[in-house]
Novice: 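Below is a structure I'd like to ask you about.
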Amino acid sequence: MVAINKLKALSLEQIKSLWIVYPETGEIYWRERGFGRTLGKPCGCLVANGHRKIGLRINGKYIQFYAHHIVWAWCHGSWPIGDLDHKNGNPDDNWIDNLRPASDEENAFNKGRVRTNKSGLKWVCLHKSSAERGKPKPWQAAVWAGEDRRQKYFASKEEAFAWASNVAQELHGEFYNSG
């Protein structure tokens, strides 16, 4: 099993001795050649969730580090306490001004529309039983933050999205993302 950087096993000195980090671009390069290390080419590889991971063997254990955590530690002098959010929603865009501390919930607010959404609009879905019964407002919009859940029905998906977008701006603040 491969551990992901939950241990924060490296000090700032170790990070700076292993990698060259360019905060303006978020690119990370190895300082020295080694097994699986290529000089002059950005470190790591993209994984299924879109993030870049960089692997390193420490005391016989292979540990993977998220690139955005390395960039944060390089620039701020310590590992992030909790999660980081990519402001522009691109998990491989690790320049320092694109990263900000966030809770799991705030991180979720900044996600785009999910792939399985059939309406094409974030927060909006066709309420099938209402549509099947011929109700005049079959489009459901739902937005939540913590325990505050707001839901309403509309005649068109555009109306539903406009309402949901306004509510999301109010509830999600700087983490608002319209999808």
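These numbers come from a predicted model, not from an experiment.
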Novice: At their closest point, which heavy atom of Trp79 faces which heavy atom of Ile70, and how far apart are they?
Specialist: CZ3-N, 4.0 Å

Novice: Say whether, by atom type as modelled, one donor and one acceptor occur between the side chain of Asn117 and the main chain of Leu121 under 3.5 angstrom.
Specialist: yes

Novice: Which heavy atom in Trp72 sits nearest to a heavy atom in Pro101, and how many Å separate them?
Specialist: CH2-CD, 3.6 Å

Novice: Minimum heavy-atom separation for Ala141 to Phe154, with atom names?
Specialist: CB-CE1, 4.1 Å

Novice: Could you tell me which non-hydrogen atom of Val124 sits nearest to which non-hydrogen atom of Ser119, and how far apart they are?
Specialist: O-OG, 2.7 Å

Novice: Yes or no on ring-ring contact (aromatic ring centres under 6.0 Å, His included) for Trp19 and Trp30, after CA distance, side-chain angles and deciding distance?
Specialist: CA-CA 5 Å; Trp19 296 294; Trp30 290 107; 5.5 Å; yes

Novice: Where the side chain of Asn110 meets the backbone of His86, is there a donor-acceptor pair that is under 3.5 Å apart?
Specialist: yes

Novice: For the side chain of Ser17 and the backbone of Gln14, is there at least one donor-acceptor N/O pair under 3.5 Å apart?
Specialist: yes

Novice: Donor-acceptor pair, Glu24 side chain versus Trp95 backbone, under 3.5 Å?
Specialist: no

Novice: Determine the interplanar angle of the His172 and Trp123 rings, folded into 0 to 90°, and report it as parallel if under 30°, tilted if 30 to 60°, perpendicular if over 60°.
Specialist: tilted

Novice: Where is the tightest heavy-atom contact between Leu10 and Ile58, given as atom of each residue plus distance?
Specialist: CD2-CD1, 3.6 Å

Novice: Before giving the answer on side chain to side chain donor-acceptor pair (under 3.5 Å), spell out for Glu27 and Tyr29 the whole-Å C-alpha distance, their side-chain angles and the decisive distance to 0.1 Å.
Specialist: CA-CA 7 Å; Glu27 290 181 329; Tyr29 294 86; 3.0 Å; yes

Novice: Is it the case that the side chain of Asn98 and the backbone of Lys87 share a donor-acceptor pair, with hydrogens and angles ignored and the cut-off at 3.5 Å?
Specialist: yes

Novice: Is a side-chain N or O of Lys122 found less than 3.5 angstrom from the main chain of Lys111, in a donor-acceptor match?
Specialist: yes

Novice: I'd like to know if the side chain of Asn177 reaches the main chain of Gly89, judged simply by a donor and an acceptor atom lying under 3.5 Å from each other, with no hydrogens or angles considered.
Specialist: no

Novice: So does Glu159 pair up with Lys137, basic N to acidic O under 4.0 Å?
Specialist: no

Novice: Mind listing the closest non-hydrogen atom pair of Ala67 and Asn94 along with its distance?
Specialist: CB-ND2, 3.7 Å

Novice: Quick check: does any side chain N or O of Arg52 sit under 3.5 Å from a backbone N or O of Asp92, one acting as donor and the other as acceptor?
Specialist: no

Novice: How would you list, by chain and number, every residue that makes a salt bridge (charged side-chain N to carboxylate O under 4.0 Å, His left out) with Asp148, sequence neighbours excluded?
Specialist: Arg150

Novice: Is the ring pair His68/Tyr66 parallel, tilted or perpendicular, if the boundaries are 30 and 60 degrees?
Specialist: tilted

Novice: Report, as yes or no, whether the 6.0 Å neighbourhood of atom NZ on Lys16 holds more than 12 heavy atoms from other residues, nucleotides or ligands.
Specialist: yes

Novice: Short question: side chain of Lys152, backbone of Gln140 - any donor-acceptor pair under 3.5 Å?
Specialist: no

